[in-house]
Amino acid sequence: MAGLDDFAPVSRKVMTLFYVIDTSGSMQGSKIGQVESALEEVMQTLQEISDSSDDAEIRIAVLEFSTGASWVTPEPVSPEGYRFKSFEACGVTDLGAACKELDKKLSRNEFLKTEAGAYPPVILLFSDGGPTDNWESGLTTLQSNNWFKRSIKIAFAIGEDADKTILARFSGSSETVLDVKNKDQLRLMIEKASVITSVFASHSSTVDAETDPVEISKQLAVDVQAQTQEALDSGIAPVGSADTAVADWDEEDW
């Protein structure tokens, strides 16, 4: 009779959560600072979700773009394996370059290469302005990628200058673009979006080939918005933030 040590653990498919982050000069200050803090603080929760899932292992991939685009994570890592990154906000907004980099890695030969297989990823895009390069060419290339087509996508328009029309082109619908008006809302939205989308996408029973990923993304965006507003209305500060009442927050604190 085989002993317990003779049984290998069951391999789980991988669900990769992509963060695509605008680090151009206009993100300098509290905008990029809140992104950094939220990413650092949400990783423990994402690891707990991954550990408790029978269906999927969650991995993280982070892409930053300004003048060009580069990977913060040379390959996807576990949430607990993510090392805090201090972003330097400078340069212009090369969204097209980010799209091309993302297209390269959305492949079974690259970031979605696993022995057990991969679920469609989640892609969260953050930007506070408009692209400065040939973004349409990059996005057209990316939109032909089958993994991108099947992914859950939500875009975050940070501040009044964000080009929501272009963000909607990326995410697939104006309903999957969330307005972010201040730093605390941004931090909460990152936390809520990371958790909500990961919980959904890491359960195999909730996604199949017949499901429209844009419709899924719309509903998840509604959930993110609702949970963020509920937290703000309740005076709940983002994880790890100072004990500051919502009433004391400045809506124009960028």
In terms of side-chain geometry, is the basic nitrogen of Asp128 or Lys31 positioned less than 4.0 Å from the acidic oxygen of its partner? yes

Residues two or more places apart in sequence or in another chain: which of them pass side chain to side chain contact (heavy atoms under 4.5 Å, CB included) with Glu57? Arg12, Val14, Ser50, Arg59

For the backbone of Lys181 and the side chain of Gln185, can you confirm whether one donor and one acceptor N or O come within less than 3.5 Å of each other? yes

Could you give me the CA-CA distance, side-chain angles and deciding distance for Lys218 and Ser173, then say whether side chain to side chain contact (heavy atoms under 4.5 Å, CB included) is met? CA-CA 8 Å; Lys218 287 179 182 179; Ser173 169; 3.3 Å; yes

Sorted by chain and residue number, the side chain to side chain contact (heavy atoms under 4.5 Å, CB included) partners of Ala89 (sequence neighbours excluded) come out as Met27, Gln28, Ile32

Would you mind reporting whether Val35 and Phe156 have side-chain heavy atoms less than 4.5 Å apart? no

Ignoring hydrogens and geometry, is there a side-chain-to-backbone donor-acceptor pair from Thr67 to Val92 under 3.5 Å? yes

Hey, is the main chain of Lys153 close enough, under 3.5 Å, to the side chain of Ser151 for a donor-acceptor pair? no

Is Ile49 reachable from Tyr82 through a run of hydrophobic residues whose side-chain heavy atoms are each under 4.5 Å from the next? yes

Does Asp223 form a side-chain hydrogen bond (donor to acceptor under 3.5 Å, both in side chains) with Gln227? I'd like the steps, not just the answer. CA-CA 6 Å; Asp223 293 344; Gln227 290 195 24; 6.0 Å; no

Can you pull out every side chain to side chain donor-acceptor pair (under 3.5 Å) where at least one residue sits in residues 83-93? Sequence neighbours excluded, please. Ser24-Thr93

Validation row: Val122, Met15 side chains within 4.5 angstrom (heavy atoms): yes

So, Asp94 versus Thr132: side-chain donor-acceptor pair below 3.5 Å or not? yes

Looking only at heavy atoms, which two atoms of Ser66 and Cys90 are closest? And how far apart? CB-O, 3.1 Å

CD (Glu110) and NZ (Lys105) are apart, to the nearest 0.5 Å, by 4.0 Å

Hey, could you give me the CD/OG1 distance between Glu75 and Thr16, rounded to the nearest 0.5 Å? 11.0 Å

Between CZ on residue Arg150 and CG on residue Asn145, distance to nearest 0.5 Å: 12.5 Å

4.5 Å side-chain heavy-atom contact, Pro79 and Ile58: yes

Atom pair CD1 (Ile158) and CG (Asp22), whose distance is rounded to the nearest 0.5 Å: 7.0 Å

What residues form a side chain to side chain contact (heavy atoms under 4.5 Å, CB included) with Lys149, not counting sequence neighbours? Asn146

Going by heavy atoms in the side chains, are Glu40 and Glu36 under 4.5 Å from each other? no

Look only at the side chain of Thr73 and the backbone of Pro76, and say whether a donor-acceptor pair between them is shorter than 3.5 Å. no

Is the side chain of Ser198 donor-acceptor paired with the backbone N or O of Val195 at a distance under 3.5 Å, no angle test? no

Measuring only between side-chain heavy atoms, which start at C-beta, is Asp103 closer than 4.5 Å to Lys100? no

Closest non-hydrogen atom pair, Gly172 against Thr176: N-OG1, 4.2 Å

Give me the other members of the hydrophobic cluster that Ile123 sits in, counting Ile, Leu, Val, Met, Phe, Trp and Tyr linked by side-chain heavy atoms under 4.5 Å, directly or via other members. Phe18, Val20, Leu63, Phe65, Trp71, Leu95, Leu102, Leu106, Phe111, Leu112, Leu125, Trp135, Leu139, Leu142, Trp147, Phe148, Ile166, Leu167, Phe170, Val177

Can you give me the closest heavy-atom contact between Ser127 and Ala162, atom names plus distance? O-CB, 3.7 Å

Taking C-beta and beyond as the side chain, do Glu64 and Ser70 meet within less than 4.5 Å on heavy atoms? yes

So, does Asp163 use its side chain to make a donor-acceptor pair with the main chain of Gly129 at under 3.5 Å? no

Quick one: does Ser78's side chain get under 4.5 Å of Gln47's, heavy atoms only? yes

Taking all atoms of both residues into account, what is the closest heavy-atom pair of Ala97 and Asp133, and its distance? N-OD2, 3.0 Å

Got a salt bridge between Arg187 and Glu41, using NZ or NE/NH1/NH2 to carboxylate O under 4.0 Å? yes

Is it true that atom CG of Asp179 has more than 12 heavy atoms of other residues, nucleotides or ligands lying nearer than 6.0 Å? yes

Are the side chain of Glu191 and the backbone N or O of Val42 linked by a donor-acceptor pair below 3.5 Å? no

With distance as the sole test, does Ser144 use its side chain to make a donor-acceptor pair with the main-chain N or O of Thr141 at under 3.5 Å? yes

Please name the pair of heavy atoms, one in Ala118 and one in Arg108, separated by the smallest distance, quoted to 0.1 Å. N-NH1, 4.2 Å

List the steps and the verdict of side chain to side chain contact (heavy atoms under 4.5 Å, CB included) for Leu220 and Ser217. CA-CA 5 Å; Leu220 294 178; Ser217 299; 5.8 Å; no

Stepwise side chain to side chain contact (heavy atoms under 4.5 Å, CB included) check, Thr114 with Lys13: CA-CA 8 Å; Thr114 69; Lys13 287 186 177 182; over 6 Å; no

Separation of Ser37 OG from Lys183 NZ (nearest 0.5 Å): 10.0 Å

Under the criterion side chain to side chain contact (heavy atoms under 4.5 Å, CB included), I'd like the reasoning laid out for Leu46 against Ser194: C-alpha separation, chi angles, the key distance, then a yes or no. CA-CA 8 Å; Leu46 292 178; Ser194 299; 4.3 Å; yes

Is there a side-chain contact between Phe126 and Ile190 (heavy atoms, below 4.5 Å)? yes

Okay, side chain of Gln143, backbone of Arg169: is any donor-acceptor separation there less than 3.5 Å? yes

Value for CD (Glu230) from OG (Ser234), rounded to nearest 0.5 Å, stands at 5.5 Å

Output the rest of the hydrophobic cluster of Val214: all Ile, Leu, Val, Met, Phe, Trp and Tyr residues reachable through side-chain heavy-atom contacts under 4.5 Å, sorted by chain and number. none

